[in-house]
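Okay, structure first, notes after.
In what follows, every heavy atom counts, from backbone to side chain, and hydrogens, waters and symmetry copies are set aside.
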Amino acid sequence: MPASGVLPKLGEQVIIAREGLQQLLELLKKQGHQLIGPTVRDGAIVYETITSETDLPVGVSDIQNAGSYQLGKRPDRAYFGFTVGPQSWKKFLFPPALKLFSANRNEEGFEVSNPRPETPNQKLAFIGVRSCELHALAIQDKIFLQGQYVDSYYKSVRDSLFIVAVNCGHAGGTCFCASMKTGPKATSGFDLSLTEITGVQSHYFVVEAGSEAGARILSQMPFKPAVPKEKKAAKQATQRALDEMGRVMETEGIKELLYRNYESPRWEKVAERCLSCANCTMVCPTCFCSTVEDVTDLTGDHAERWRKWDSCFTMDFSHIHGGNVRSSVKSRYRQWMTHKLATWVDQFGASGCVGCGRCITWCPVGIDITEEVKAIRQGEKP
Ligand code: SF4
Ligand code: SF4
């Protein structure tokens, strides 16, 4: 089928064939984008550079529960038949380790070279961003772009980013995006959104353009307007994900609930299990804490300053003059959860949790944020 040459309206549902995905990837590459998408590595779905549709986890599903993650096989050849894995897209905008600058000793002292962090020299295209992840990106935009200080690395990647979202047709075992009103269907923050439909005889995508850039690229591909049957299939896929979602977070009055419960006995209870390992913050797509480390070579002639991800669960993070302000596991868990669900709202005007479920799946002892909120709520009942 030749390219349609027609500019679709934003939000209009059109159909591209299964083969259309590879054409889309080729067009993005032609525009100079480096493709980043889901792929299988070490028994998990991770986000890495991909070059074609064959790098995607075709026919792969995931089975997730509190403290457990496993890949499985689907009966079809779906490209996006899984949910979110251990990594989030934040690692491309807010790298886990970033050299801020280096300095070399000279006769007068030190001369700083590379006074700004190096930025990627290619524009990125994220392929397969889920609705909860779009919300997480919007939260990180507030942190890194909309405050008093703008993060230059984040901005350089974000400004040229092309986002292909994928609407979830299944819910992961630990997802609760419906409770957080962040999914499972993408409503904004993307250039193109895809709903993948697989059936006995059919395999196609219902596509919507969410930006002019998305509409322009779509016009260079063969597509046809969606008929009612195809629109219904897309709706049913979203409904299936909603019906499958096993976890719920009751958010009504959650900020006040946590503010009233600084002294709840539940914090002690969860601290008996929590290892303070920081996994939950590393996998979280919205957590943004970092620390700064200076290193030198053995001669002391060359020094570097690095920014690295840090976590409110590490002892060093809350060490200030005079000692540590959160020396118990109880106080660190309370800080993390209260920040996510209460103080974050005061700070940024939105919850710090998008309901992706990663912190539940990747907690080695299976601590579940939805259960902790429920327990605190129940603890208040007379
Ligand atoms: S809640 Fe779980 S993942 Fe988070 S620090 Fe505690 S043990 Fe680690
Ligand atoms: S707190 Fe947990 S469920 Fe919420 S966004 Fe972070 S990782 Fe996802």
Might you work through the salt bridge (Lys or Arg N to Asp or Glu O under 4.0 Å) test for Glu208 and Lys185, ending with a clear yes or no?
CA-CA 12 Å; Glu208 284 174 41; Lys185 188 179 184 311; 3.2 Å; yes
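- The minimum heavy-atom distance between Phe313 and Arg332, with the atom names listed, is O-NE, 3.1 Å.
- Asp316 and Thr314 share no side-chain donor-acceptor pair at under 3.5 Å.
- The closest side-chain donor-acceptor pair between Glu19 and Gln23, if any, does not fall under 3.5 angstrom.
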What's the verdict on salt bridge (Lys or Arg N to Asp or Glu O under 4.0 Å) for Asp151 and Arg307, showing C-alpha distance, side-chain angles and the deciding distance?
CA-CA 12 Å; Asp151 185 291; Arg307 182 185 73 184; 2.6 Å; yes
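- Contact check on Asp159 versus Lys123 returns no salt bridge, with no Lys/Arg side-chain nitrogen under 4.0 Å from an Asp/Glu carboxylate oxygen.
- Ion pairing of Lys308 with Glu293 is present here, as a side-chain N (NZ or NE/NH1/NH2) and a carboxylate O approach within less than 4.0 Å.
- Checked by atom type, the side-chain pair Gln239/Lys235 shows no donor-acceptor distance below 3.5 Å.
- Glu250 and Ser179 are not linked by any side-chain donor-acceptor pair at a separation below 3.5 angstrom, with hydrogens and angles left out of the test.
- Residues Tyr79 and Arg18 bring a donor and an acceptor atom of their side chains to less than 3.5 Å of each other.
- Note that Arg130 lies in the cation-pi zone of Phe82, set by a 6.0 Å cut-off to the ring centre and a 45° limit from the axis.
- A donor atom on one side chain and an acceptor atom on the other are found under 3.5 Å apart for Asp191 and Ser211.
- No side-chain donor-acceptor contact under 3.5 Å links Asp62 and Gln70.
- Summarising the local packing, CD of Glu252 is surrounded by 12 or fewer heavy atoms from other residues, nucleotides or ligands at distances under 6.0 Å.
- Between His339 and Phe288, the two ring planes are perpendicular [angle over 60°; tilted spans 30° to 60°].
- Using a 4.0 Å cut-off between charged side-chain N and carboxylate O, Lys255 and Asp346 make a salt bridge.
- Applying the 6.0 Å contact sphere to NZ of Lys155 captures no more than 12 heavy atoms from other residues, nucleotides or ligands.
- There is no side-chain donor-acceptor pair under 3.5 Å between His135 and Glu133.
- Taking the charged nitrogens against the carboxylate oxygens, Lys99 and Glu118 have no contact shorter than 4.0 Å, which rules out a salt bridge.
- One side chain, Thr361 or Gln64, offers a donor N or O that lies under 3.5 Å from an acceptor on the other.
- Checked by atom type and distance alone, the side chain of Tyr47 never pairs as donor or acceptor with a backbone atom of Ser88 at under 3.5 Å.
- Using a 4.0 Å cut-off between a side-chain N of Lys or Arg and a carboxylate O of Asp or Glu, Lys224 and Glu230 qualify as a salt bridge.
- Ser318 and Asn324 share a side-chain donor-acceptor pair at under 3.5 Å.
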